[in-house]
Amino acid sequence: QNIKEELLLNQLKLSRFEGISGLVSFNENGDRLAAYELLNYQPAGWNVIGTFSAVTGQLNFDMEPYWQFGVSSSMPPSEKTSCASGYYKEVESHQCLPCPRGFY
């Protein structure tokens, strides 16, 4: 029997099943919606520090990552990040916030 490519692709996009790597499902573009483990190199070696689910868009950390030079914290060292033009780094949270009107 001749199977049409477009029909096969459309049916594949609608499928959901449990595979050996977890739930298998696809978005409207045919991309797999997977769960990912976040690996981080720490003093004891490689560790899984969190997960990301493409299905829910949720990012979860189970432990703080180690950044360059052995710094461990939930946020990257402030001296290693910068803000785009029109934004400034807030001192307490280290978040990039829009500059007040008239200041850049």
Side-chain angles (χ1 to χ4, degrees):
Q1 181 170 331
N2 189 7
I3 299 175
K4 303 283 186 208
E5 296 88 3
E6 189 174 336
L7 177 62
L8 178 61
L9 180 60
N10 288 336
Q11 289 303 308
L12 181 63
K13 288 178 187 177
L14 298 174
S15 65
R16 292 175 65 100
F17 57 91
E18 192 69 30
I20 61 170
S21 62
L23 178 66
V24 176
S25 63
F26 303 90
N27 67 12
E28 63 277 353
N29 297 321
D31 298 323
R32 181 174 176 197
L33 298 175
Y36 300 91
E37 291 182 332
L38 305 174
L39 294 172
N40 183 237
Y41 192 76
Q42 301 184 345
W46 289 101
N47 285 310
V48 175
I49 63 165
T51 56
F52 172 74
S53 170
V55 174
T56 64
Q58 196 143 34
L59 175 65
N60 295 310
F61 285 95
D62 300 321
M63 58 177 41
E64 292 184 341
Y66 271 81
W67 302 94
Q68 252 179 326
F69 311 114
V71 176
S72 176
S73 78
S74 60
M75 298 289 288
S78 60
E79 64 273 7
K80 301 293 180 199
T81 60
S82 61
C83 298
S85 180
Y87 291 80
Y88 73 99
K89 188 175 294 191
E90 200 274 324
V91 177
E92 293 295 317
S93 69
H94 302 289
Q95 291 182 344
C96 293
L97 302 173
C99 292
R101 188 177 190 95
F103 293 88
Y104 283 97

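Because only heavy atoms are used, hydrogens play no part in the values below, and waters and symmetry mates are left out as well, while side chains stay in.
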Could you tell me the separation between the [atom1] atom of [X] and the [atom2] atom of [Y], rounded to the nearest 0.5 Å?
X: D31; Y: N29; atom1: CG; atom2: CG; value: 5.5 Å
X: Y88; Y: Q95; atom1: OH; atom2: CD; value: 10.0 Å
X: S72; Y: W67; atom1: OG; atom2: CH2; value: 10.0 Å
X: R16; Y: F26; atom1: CZ; atom2: CZ; value: 11.0 Å

If you look only at distance, which donor and acceptor atoms sit under 3.5 Å apart when one is on a side chain in residues 5-15 and the other is two or more places apart or in another chain?
unit_1, atom_1, unit_2, atom_2, d
N10, ND2, E6, O, 3.3
K13, NZ, E28, O, 2.9
S15, OG, L12, O, 2.7

Check: Y66 main-chain N/O paired with N40 side-chain donor or acceptor under 3.5 Å: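 Such a contact is found between N40 side chain and Y66 backbone.
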
Any donor-acceptor N/O pair, Q42 side chain to A44 backbone, under 3.5 Å: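 No; judged by distance alone, with no hydrogens or angles, the pair does not exist.
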
Pairwise side-chain contact, [X] with [Y], heavy-atom cut-off 4.5 Å (strictly under):
X: T51; Y: Y36; result: no
X: E18; Y: V24; result: no
X: I49; Y: E64; result: no
X: L38; Y: L59; result: yes

Ring geometry between W46 and Y41 (parallel below 30°, tilted from 30 to 60°, perpendicular above 60°):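 Perpendicular.
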
Nearest non-hydrogen partners of [X] and [Y], listed with the distance:
X: V55; Y: L33; result: CG2-CB, 3.7 Å
X: V48; Y: E37; result: CG2-OE1, 3.8 Å
X: P65; Y: S74; result: CD-CA, 4.5 Å

Transitive ILVMFWY side-chain link F61 to M63, under 4.5 Å: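 Hydrophobic grouping puts F61 with M63.
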
